[in-house]
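In this chain, residues are counted from 1 in sequence order. Counting convention: from 1, in listed order, for ligands and their atoms alike.
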Amino acid sequence: MDRRKFIHNTTLAGTGLATGATLLGCKNESGKVDAFAKAEKQSAFKPSPIAICTWNFSGATARAGELLSQGKSALDAVIAGVAVEEENEENSTVGIGATPDREGNVTLDACVMNPAGDCGAVLAVENIVNVAALARKVMEDTPHVILAGRGAEEYAYKAGFKKQPLLTEQRKLEWEEWLKTSNYKPAINVENHDTIGMLAIDGDGDIAGACTTSGLGYKMKGRVGDSPIIGSGLFLDNEVGGAVATGMGEEVLKTVGSFLIVELMRSGMSPQEACEEAVYRITRKNNRYKDFQVAYIAMNKSGDTGSFCIHKGFNMMKWQENKNDVIESKAFI
Ligand code: SD4
């Protein structure tokens with residue numbers, strides 16, 4: 001076993017002791033625990049590159065893994081990874097071919113974060129397929145973090161993105177069928193996949209993330225969910241780790257779920273424990289939790305991963321060292 005792996009495994013084996021020791025070692029002058037210093041200590045282990053994403057989007061993690069293997073950055077990897085689903089017309093929840101709002105418009109939401117803590121997001125964008133790449137453009141080439149609606153779309157054209165209608169014939173037919181009853185009831189685990197959120201660690205040990213979606217099918221015009229909101233649909237801190245969410249965005253927004261998970265990891269929880277606690281924050285307060293799904297995945301700086309959801313049926317993909325595995329998530333129910 002190489003030295004890095006040995007140290008990592010030893011640390012995991014003695015988590016209780018290590019946590020106590022780390023806490024003691026990271027008090028500031030007033031005797032309070034310094035969470036930042038603690039996170040830095042936890043991040044000593046550098047794993048080989050990893051890409052994880054929500055649901056069983058194996059092509060997405062495979063694509064991200066390919067780039068990571070070539071030495072590309074975590075940010076390049078997540079943008080290319082989620083683009084696989086944005087461009088997949090069969091996927092009814094992301095990019096082209098997504099389900100429209102109740103007026104027949106497909107509007108997309110996305111956000112990205114880089115290891116420096118910069119972020120970019122676009123909300124309710126029409127006619128642009130690769131909205132995660134557009135969110136990256138907002139992050140890198142504008143003085144802003146968020147662009148919404150027409151403004152985001154017009155900026156996309158100026159930045160060289162192609163105009164492309166997103167409503168496919170198939171989704172139009174489904175929407176026309178839906179209009180007959182107009183019964184709005186978001187499904188749990190849509191076709192066993194949904195919003196794609198991805199986190200990657202690259203060869204330098206840096207973490208980046210992206211989240212992209214069409215939101216809930218037949219949502220109200222103008223509705224925006226958690227996915228493009230930094231801290232809710234996605235959050236990361238390169239000293240600690242990252243988290244992404246899928247499911248009922250309104251519930252994730254109310255509990256700022258991804259930020260919560262990263263902060264719980266900062267104070268010593270494993271990614272698994274942090275995902276579970278973030279789901280409990282919802283189920284403890286909202287007794288309608290049986291009616292909706294929320295699921296989280298998370299990864300810390302050492303490459304440990306976790307996932308948790310309310311309803312069974314959620315899974316996550318994990319790519320590492322050319323292995324691309326589906327991991328079934330534990331569930332609250
Ligand atoms: C939203 N969280 O817009 C997204 C959609 C999703 O399962 O992930 N649905 O609320």
* **Stepwise salt bridge (Lys or Arg N to Asp or Glu O under 4.0 Å) check, R284 with E277** => CA-CA 10 Å; R284 266 188 228 121; E277 176 57 24; 3.2 Å; yes
* Asked: Has E250 got any heavy atom lying under 4.0 angstrom from an atom of ligand 1?
  -> no
* Does the side chain of T212 come under 3.5 Å of the side chain of E86 through a donor N or O and an acceptor N or O? -> yes
* Under a 4.0 Å heavy-atom limit, does E251 contact ligand 1 with its side chain, its backbone, both, or neither? -> neither
* State whether the side chain of E87 and the backbone N or O of V84 hold a donor-acceptor pair below 3.5 Å, judged by distance alone. => no
* What are the atoms of ligand 1, with element, lying closer than 4.0 Å to any heavy atom of S227? -> 2 (N), 4 (C)
* Just distances here: any N/O of G247 and N/O of ligand 1 closer than 3.5 Å? -> yes
* Asked: Is R150 paired with E154 through a side-chain N to carboxylate O contact shorter than 4.0 Å?
  -> yes
* Asked: What about G249: any of its N or O atoms under 3.5 Å from an N or O on ligand 1?
  -> yes
* Asked: Which class fits the ring pair F314 and W55: parallel under 30°, tilted 30 to 60°, perpendicular over 60°?
  -> perpendicular
* Report yes if some N/O of R223 lies less than 3.5 Å from some N/O of ligand 1; otherwise report no. => yes
* Close-contact set for ligand 1 against T246 heavy atoms, below 4.0 Å -> 6 (C), 7 (O), 8 (O)
* Exam field: side chain T54 to backbone T195, donor-acceptor pair closer than 3.5 Å -> yes
* For ligand 1, which atoms sit closer than 4.0 Å to a heavy atom of G225? -> 3 (O)
Listing, residues 58-70 side-chain donor-acceptor contacts under 3.5 Å, not counting sequence neighbours, or none:
from: T61; atom 1: OG1; to: S58; atom 2: O; distance (Å): 3.2
from: T61; atom 1: OG1; to: N324; atom 2: OD1; distance (Å): 2.8
from: R63; atom 1: NH1; to: E66; atom 2: OE2; distance (Å): 3.1
from: S69; atom 1: OG; to: G65; atom 2: O; distance (Å): 2.8
from: Q70; atom 1: OE1; to: K72; atom 2: NZ; distance (Å): 3.4

* Structure fact -> Note: D194, heavy atoms under 4.0 Å from ligand 1, region reported as side chain
